[in-house]
J.: 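Sharing a structure, written as structure tokens. Questions coming.
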Amino acid sequence: MRVSKYVLPTLKENPSDAVVLSHRLMLRAGLMRKESAGMYAYLPLGLKVLRKVTNIVKEEMDRAGAHECLMPELTNADYWKESGRWYTMGPEMFRIEDRNGLEYALGPTHEEAFTNMVRSVVSSYRDLPLNLYQINTKFRDEIRPRFGVIRSKEFIMKDAYSFDIDQKGLDESYNAMAKAYRRIFERCGLETIPVQADSGNMGGSTSEEFMVASEIGEEILLLCEKCDYRANSEKAEYQRPPVASKPASDELKEVHTPDIKTIEDLVKFFKCDEDKFLKSIIYIADGKPLMVVVPGSREINEHKLKNYVNAVELNLASDEIVQHFTGAPFGFAGPVGLKDARVIFDISVKDLSNAFTGANKKDYHYSGVNPVRDFEIKEEADVASARSGDICPKCGASMYEKKGIEVGHIFKLGYKYTKAMNLTVLDEKGEAVTPIMGCYGIGVNRTMAAIVEQCSDERGIIWPKEVTPFHVHLVGISKTDEETKAVDDIYDKLMNAGIDVLYDDRKASPGFKFADADLIGIPLRITAGKNFFANGELEFKERSKKEINNIPSEKIIDEINNYYK
RNA sequence: CGGGGCGUGGCUCAGUCCGGUAGAGCGCGUGGUUUGGGACCAUGAGAUCGGAGGUUCGAAUCCUCUCGCCCCGACCA
């Protein structure tokens, strides 16, 4: 492709509304343009990359035995009502009506659609296992789209759904995807961190997220320094911290604390460390109140709590319930003297001593609080969020935090949709069996952005070999018509050899062309300049390296093919 | 939804406080000179100053409303 005939609107300056690296570079390199908040249009160069990523995904999904389909974007509300999600999805789902008042949603995900399709296509255990996928646009009315294509209202996702006759089959389908995902991201040139993740409401089954480490990541990961334990903070467990505190010495005393409610207030009031306070929070789990106690500096992990108490719904209790449950208004709750109430102590609480906590009485706290002595620990669990410095649940070493962009997620979904939508097949005995599902997603354009985020330097993008929009960026620096003709011949020669070439044939200064080449980031730059016109040598430069090699023009095709081998 | 910031040629921004004939750089057109890291000279085109209403002799600038965009947070999965 000749640049003079192509659409390549590179920008020298950063567009004012792009803040993060990948967003800036994708706009500046002419890959895409913003349509509107959270919606982007791909230009030819960007589309080429997107297609490369898409093809890798397809190839690896197919290799793993999945089959590609394409679902409508406009999804009938009936199926959503059948699964119940029409009522539970909330405002994240774009809902529309046709002229007759029939309801639809713009597909935010496609469990229902696939389950429905499989229902009409499959009838025997012999048709299983089945893994179907599509690469299609998803619509989500995000609360706040941001970071360009990383979180947008409309995005491209590969979503796959597996159907197996039993748990063992699901395990196999899941493992095949776990393997395929590793290959996909590796081929994309992306370093991902697979982490254990919370599987949501589906009840304790396996789930793995593929994360790209990044400062702009919206997920927090906990990684062990020694072993391979890696988990999303929603899921991450930790071990009881070593006992460092002094023995119980202080007497339990009531202290007047007028209007001192938050940990922040208390730290100021008592002038001591956050962890001297037993933070006591009241929740309602499936209609029943319970108290959770953690040290002042820790956050309660609602995902872990919800799993631990096995609740479908978990919410913070209202002020009225707090008043009723503890006998005091919000801000003065504590485990001391709380009889017959369910209190869950985080594992980090037991070894605290001479602490403070709410006295379950307006404007009063206790000082000199000592677990066991002053209250019984009937129920203890790991319900606080793990954090940097905490002890690895697996090996006992220390863990650290990293932020990550989620590019893929695989999990064992279970029977939720097959049951709700009444999908059954007949087994060997002729009895109806409900298949079990797995669900596997990849954010395709998010992956593209993550690649840019990870593969760039101060001059621009550095595309990994497998996703580069062109193989070679040919830069011609010719001064005469004869010289131009000679470079044109090289271009033709490369094209005829099946090499995808972007040929900068513009009448521009060399510096201008080099700067554009660096910005666009094609891994190989071939320059036809002085040496070429003098003695037929082309410059061979890798985008990621400094050095330039001079290659006789007759050997250039071999060199290129060798590079891409 | 709460908080903060911003809308001025295609892009980046000045001008707004303190009202008085819309600016710069980049990009673009034309002519010429250049040509190994975003060349130079000359010349030219291009703006309902986000929109509507108001105040005023006069509004990019002041007032009211409104739309859009960005950032932080909450919410949500």
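Here is how names work: the chains are called A, B, and so on, in the same order as the sequence lines, proteins then strands, and each is numbered from 1.
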J.: Could you check whether A/Pro91 gets within reach of a base, just the sugar-phosphate, or nothing at all, counting any heavy atom under 4.0 Å?
T.: nothing
J.: With both distances under 3.5 angstrom, what nucleotide forms a Watson-Crick or G-U wobble pair with B/rC49?
T.: none
J.: Given that A/Ala528 and A/Lys34 both sit by RNA chain B, which one's nearest nucleotide is further toward the 5' end?
T.: A/Ala528
J.: Please measure how far the P atom in B/rG68 lies from the corresponding atom in B/rG51, and state the result in whole Å.
T.: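 Looking at atom P only, B/rG68 and B/rG51 are 15 Å apart.
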J.: Rounding to an integer number of Å, can you tell me how far A/Leu519 CG sits from B/rG38 C1'?
T.: 11 Å
J.: Please report, rounded to the nearest Å, how far the P atom of B/rA39 is from the NZ atom of A/Lys513.
T.: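 Checked: the NZ to P distance equals 12 Å.
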J.: Can you tell me the pairing partner of B/rC28 across any strand shown, Watson-Crick or G-U wobble, with both distances under 3.5 angstrom?
T.: B/rG44
J.: Counting side-chain heavy atoms from CB outward, which of B/rA74, B/rG37, B/rG38 is closest to A/Asp518?
T.: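 Nearest nucleotide to the side chain: B/rG37.
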J.: Would you kindly give the CG-to-C1' distance between A/Leu27 and B/rG10, to the nearest whole Å?
T.: 14 Å
J.: Cut-off 3.5 Å, side chains only: do A/His110 and A/Gln134 have a donor facing an acceptor?
T.: yes
J.: Out of B/rG37, B/rG38, B/rC11, which nucleotide sits closest to the side chain of A/Phe512?
T.: B/rG38
J.: If you check the A/Val19 side chain, which of B/rG25, B/rG38, B/rC71 turns out closest?
T.: B/rC71
J.: Between atom CG in A/Asp17 and atom P in B/rC70, what is the gap in whole Å?
T.: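 Result: 6 Å.
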J.: Can I get a per-line list of side-chain donor-acceptor pairs under 3.5 Å for residues 469-480 of chain A, giving both atom names and the distance, sequence neighbours left out?
T.:
| from | atom 1 | to | atom 2 | distance (Å) |
| --- | --- | --- | --- | --- |
| A/His471 | ND1 | A/Asp500 | N | 3.2 |
| A/Ser478 | OG | A/Thr484 | OG1 | 3.0 |
| A/Thr480 | OG1 | A/Glu483 | N | 3.1 |

J.: Can you identify which nucleotide, out of B/rG38, B/rC11, B/rC76, has its nearest atom closest to the A/Glu92 side chain?
T.: B/rC76
J.: Establish, with yes or no, whether the OP1 or OP2 oxygen of B/rC69 is under 4.0 angstrom from a side-chain nitrogen or oxygen of A/Ser36.
T.: yes
J.: Using the C1' atom as the reference point in each nucleotide, state the distance between B/rG10 and B/rA47 in Å, no decimals.
T.: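 Those two atoms are separated by 12 Å.
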J.: Classify every nucleotide of nucleotides 29-35 of chain B by which part a protein heavy atom approaches to under 4.0 Å, writing B for the base, S for the sugar-phosphate alone and - for neither, in 5'-to-3' order.
T.: ------B
J.: Could you list the residues that satisfy side chain to side chain donor-acceptor pair (under 3.5 Å) with A/Asn315, not counting sequence neighbours?
T.: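 Once residues adjacent in sequence are excluded, the partners of A/Asn315 under the side chain to side chain donor-acceptor pair (under 3.5 Å) criterion are A/Glu313.
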J.: Identify whether any heavy atom of A/Gly529 sits under 4.0 Å from a base atom; if not, whether one sits that close to sugar-phosphate; answer base, sugar-phosphate or nothing.
T.: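 Base: the residue A/Gly529, judged by heavy atoms under 4.0 Å, touches a nucleobase.
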J.: Could you tell me the separation between the CZ atom of A/Phe147 and the P atom of B/rC69, rounded to a whole number of Å?
T.: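 One finds 17 Å between P of B/rC69 and CZ of A/Phe147, rounded.
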J.: Would you kindly give the CD-to-P distance between A/Glu218 and B/rG73, to the nearest whole Å?
T.: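 Between P of B/rG73 and CD of A/Glu218: 9 Å.
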J.: Would you measure the distance from the P atom in B/rG4 across to the matching atom in B/rC49 and give it in whole Å?
T.: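 So the two P atoms sit 28 Å from each other.
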J.: Taking atom C1' in both B/rA60 and B/rG9, what distance in whole Å separates the two?
T.: 14 Å
J.: Relative to the ring of A/Tyr174, is the ring of A/Tyr440 parallel (under 30°), tilted (30 to 60°) or perpendicular (over 60°)?
T.: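 Correct class here is tilted.
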J.: Testing the 3.5 Å rule here: is there a donor-acceptor pair between the side chains of A/Tyr104 and A/Asp78?
T.: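 The criterion, which ignores hydrogens and geometry beyond distance, is not satisfied for A/Asp78 and A/Tyr104.
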J.: Return the nearest nucleotide to the side chain of A/Arg146; candidates are B/rA77, B/rG73, B/rG38.
T.: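 Closest nucleotide to the A/Arg146 side chain: B/rG73.
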J.: Is there any ring pair (Phe, Tyr, Trp, His ring centres under 6.0 Å) pair reaching into residues 145-164 of chain A, and which pairs are they, with sequence neighbours excluded?
T.: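 Applying ring pair (Phe, Tyr, Trp, His ring centres under 6.0 Å) to every pair that reaches into residues 145-164 of chain A, excluding sequence neighbours, yields A/Phe114-A/Tyr161.
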J.: For B/rG25 and B/rU21, measure between their C1' atoms and round to the nearest Å.
T.: 23 Å
J.: Quick one: side chain to side chain donor-acceptor pair (under 3.5 Å) partners of A/Asp265, sequence neighbours excluded?
T.: A/Thr262
J.: Paired with B/rG9: which nucleotide, if any, by Watson-Crick or G-U wobble criteria at under 3.5 Å for both distances?
T.: none
J.: Which value, in whole Å, describes the distance between the P atoms of nucleotides B/rG7 and B/rG15?
T.: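 Looking at atom P only, B/rG7 and B/rG15 are 10 Å apart.
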J.: Hey, does the side-chain of A/Glu234 have a donor or acceptor N/O within less than 3.5 Å of a partner on the base of B/rA77?
T.: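 Indeed, a donor on one side and an acceptor on the other fall under 3.5 Å apart.
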J.: Need the pair for B/rU21. Rule: Watson-Crick or G-U wobble, both distances under 3.5 Å, any strand; none if unpaired.
T.: none
J.: How many angstroms lie between CG in A/Leu25 and CG in A/Leu31, if you round to the nearest 0.5 Å?
T.: 8.5 Å
J.: Check the side chains of A/Glu299 and A/Ser385 for a donor-acceptor pair under 3.5 angstrom, ignoring hydrogens and angles.
T.: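 No, because no side-chain N or O of A/Ser385 sits under 3.5 Å from a partner of the opposite role on A/Glu299.
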J.: Give none if B/rU35 has no partner; otherwise give the nucleotide forming a Watson-Crick or G-U wobble pair with it, both distances under 3.5 Å.
T.: none
J.: Pairing donors with acceptors under 3.5 angstrom, does anything connect the side chains of A/Thr10 and A/Asp516?
T.: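 The criterion, which ignores hydrogens and geometry beyond distance, is satisfied for A/Asp516 and A/Thr10.
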J.: Run the salt-bridge test on A/Arg387 and A/Glu401 with the 4.0 Å N-O cut-off and return the result as yes or no.
T.: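 Answer for the salt bridge query: no.
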J.: Picking from B/rC13, B/rG36, B/rG73, which would you name as closest to the side chain of A/Glu539?
T.: B/rG36
J.: Just how far, in rounded Å, is P of B/rA74 from CD of A/Glu302?
T.: 12 Å
J.: Determine the interatomic distance between C1' on B/rC13 and the same-named atom on B/rC6; round to the nearest Å.
T.: 12 Å
J.: Can you confirm whether A/Glu82 sits close enough to A/Glu112 that some side-chain heavy atom of one is under 4.5 Å from a side-chain heavy atom of the other?
T.: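 With C-beta onward as the side chain, the pair stays apart.
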J.: Look through every strand shown and name the nucleotide pairing with B/rA59 as Watson-Crick or G-U wobble, where both distances are under 3.5 Å.
T.: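 Partner of B/rA59: none found under 3.5 Å.
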J.: Round to a whole Å and report the spacing from CG of A/Asn14 to P of B/rC70.
T.: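 That distance rounds to 16 Å.
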J.: Say we look at B/rG50 and B/rU8: how far apart would their P atoms be, to the nearest angstrom?
T.: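 It works out to 6 Å between them.
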J.: Mark yes or no for a side-chain to base donor-acceptor pair under 3.5 Å between A/Arg525 and B/rG37, with no hydrogen or angle criteria applied.
T.: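 A donor-acceptor contact between them is present.
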J.: Please list residues of residues 445-462 of chain A whose heavy atoms come under 4.0 Å from any atom in RNA chain B, ordered by number; otherwise none.
T.: A/Arg459
J.: Could you let me know what B/rG73 is paired to, Watson-Crick or G-U wobble, both distances under 3.5 Å, or none if it's on its own?
T.: B/rC1
